[in-house]
Amino acid sequence: MSKSKGIISQVGEATARIFQNIYGLIEFTGEVVSGIGDAFRHPSRVRWRETISCMNRCGADGMPVVALICLLTGVILAYHSAVQMHKFGADVFLPALVGCTMVRELAPLMTAVMVTGRSGSAFAAEIATMKVSEELDALTTMGLSPVRFLIMPKLIAMLCMVPLLTVVGDFIGIAGSMGVGVMELNMSCETYLQLTRQWIAPKYVMEGVLKSFVFAWLITVSSCWCGFRTGSDSVAVGNATTRSVVTSILLVVLGDAFLAKAFSVIYEIAD
Amino acid sequence: MENNDIPAIEARSLTIGYGKRVVQKDLSFAIRSGTITCILGGSGCGKSTLMKHLFGLYRPLSGDILIQGESIVSASSEEDRHRIMRHFGVAYQNGALFRSMSVAENVALPLREFTKLKEPEIQAVVQKKLQQVGLDGFGSFMPSDLSGGMVKRAAFARAMALDPAILFFDEPSAGLDPISSANLDRLILDIREQTGATIMIVTHELPSIFTVADRIIMLGAGAGGIIGDGSPADLKEHTDSDFVRSFLNRRTGDPAADMDNARS
Ligand SMILES: Nc1ncnc2c1ncn2[C@@H]1O[C@H](COP(=O)(O)OP(=O)(O)OP(=O)(O)O)[C@@H](O)[C@H]1O
Ligand SMILES: [Mg+2]
């Protein structure tokens, strides 16, 4: 119908939209932070039953797939490294390489990606569906805050479960790489584990866990936000889900890059 | 005639709509406490929209809404608005039950959130409300396992849970069989008698209008404003608008022409 717009106005509109989105997300984050404040002040007003069922869905049900992906990541990383390192006779450094990468970087990241696909998309779809069916309107008119009612249980569950999944992923990834070390490089299990313990400082494990807290936060907030700002038809639910996954993974990777630098600076200062 | 007491709901030259889209403009009316008002009008003329503005879900494009003399539009804080909205019980057109909770949990939710009742007392209230709407024994059902009419009645029960002072029902009896519909009318009258609530209903069911309504407010299509306002008997007999008379007498006719009449 209307004339197609010039490229400049298209770029301008897209840019304006991006800034609106960033602004909206920041505003929403503020609401969630104040929701957390409320939750601390009135713990009895948190919906604990819903929180626990959410923990079940995000944590327990997600465990097998997170374990599998971390196992495979460990195996693949170890296999490629082993082939190259063997050429230089650097076999003994395999546990250090794989262990540190797994614990500091890959386990948190892979877990976050899996959790985004499983739980983040589910959050967005749930909230978007509620919006379409006027359930969100009903919540508002009943004077119940959607943040407290819908987001807090999810956020608490994710903040508990994602770090836990990450730690499990750490162990399983290292186990996978140990299998490669034992089979490809003829190391014994004892040696491999001893080397692993020697090279992986507790601070690296802490780094991974701290990252996973941040990821859990980013995934939950951005997914829920995508659910809230959906349109009101059923196509919108699909769009919200897609957008939540893209946004969450983008934010997780950005956050990861930022944190990687931040931690290396922290270690430098500490040393 | 309004006497000195403050109207429960008052609209002052209200213009409602979404964004730039005006759905109805320049609506003014005052609803006395304890009365039952039916909002009528053709499909899509903005009845649900009017309700949603009255109970504070959307802000009007212009004009003011006073609830017991207190403006809900210019309420100073979100908290003030919520305090006013606490007076309301709302049953949405499509029910809007929380689908992640059973019917009983849906009805219990406002009780759990806003009262200090103990669990057994809550259960007792829930039982009573479900019984009143004829959903005895369906408490443990999930909303997705109910029929459309049952969802409506469950929403009705949820809206009544706190015995609010003002009740908004959007087409409560659409899709109900005549007996359930008549029971619902009986229930609406009972509620008013027992709690003195002010009730606003959107409905198309003529028998139900003539049973319960003290007053009818009829909206015209295409932002036509209020085209009929008065008691059912009054409007049925004495009104200038052909459309209103056709509507209330259920006269057959050319609906398009009638709609045009309503517009003019
Ligand atoms: N969320 C919305 N955003 C924009 N326009 C809307 C929205 N909801 C409704 N409308 C428009 O407002 C007008 C009035 O809709 P409303 O739902 O109030 O009609 P209604 O009188 O309740 O009709 P019905 O009897 O079919 O329920 C319609 O033309 C509709 O297209
Ligand atoms: Mg409607």
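In this text, all values refer to a predicted model and were calculated from it rather than measured experimentally. Chain A is the first sequence line, chain B the second, and so forth, proteins listed ahead of strands; every chain is numbered from 1.
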Exercise. Using a distance-only test with no angle check, is there a side-chain donor-acceptor pair under 3.5 angstrom linking A:Ser248 and A:Ser222?
Worked result: yes

Problem set entry | B:Arg158, part contacting chain A, at a heavy-atom distance under 4.5 Å | side chain

Problem set entry | From B:Val22, B:Leu27, B:Val23, residue fulfilling side-chain contact (heavy atoms from CB on, under 4.5 Å) relative to B:Thr15 | B:Val22

For this session: Just say parallel, tilted or perpendicular for the rings of B:Tyr58 and B:Tyr18, cut-offs at 30° and 60°.
Result: perpendicular

For this session: Could you tell me which of B:Arg86, B:Glu113, B:Lys52, B:Met85 has the largest number of non-hydrogen atom pairs under 4.5 Å with chain A?
Result: B:Glu113

Problem set entry | A:Leu139, part contacting chain B, at a heavy-atom distance under 4.5 Å | both

Exercise. Side chain, backbone, both or neither: which part of A:Met142 has a heavy atom under 4.5 Å from chain B?
Worked result: both

Exercise. B:Phe88 versus chain A, heavy atoms under 4.5 Å apart: side chain, backbone, both or neither?
Worked result: neither

Problem set entry | Contacting moiety of B:Phe168, where chain A heavy atoms sit under 4.5 Å | neither

For this session: Answer yes or no: does atom CD of B:Glu79 have more than 12 heavy-atom neighbours from other residues, nucleotides or ligands under 6.0 Å?
Result: no

For this session: Select one option (side chain, backbone, both, neither) describing which atoms of B:Leu162 are under 4.5 Å from chain A's heavy atoms.
Result: neither

Problem set entry | Exercise: do B:Gln123 and B:Glu119 side chains pair donor with acceptor under 3.5 Å | yes

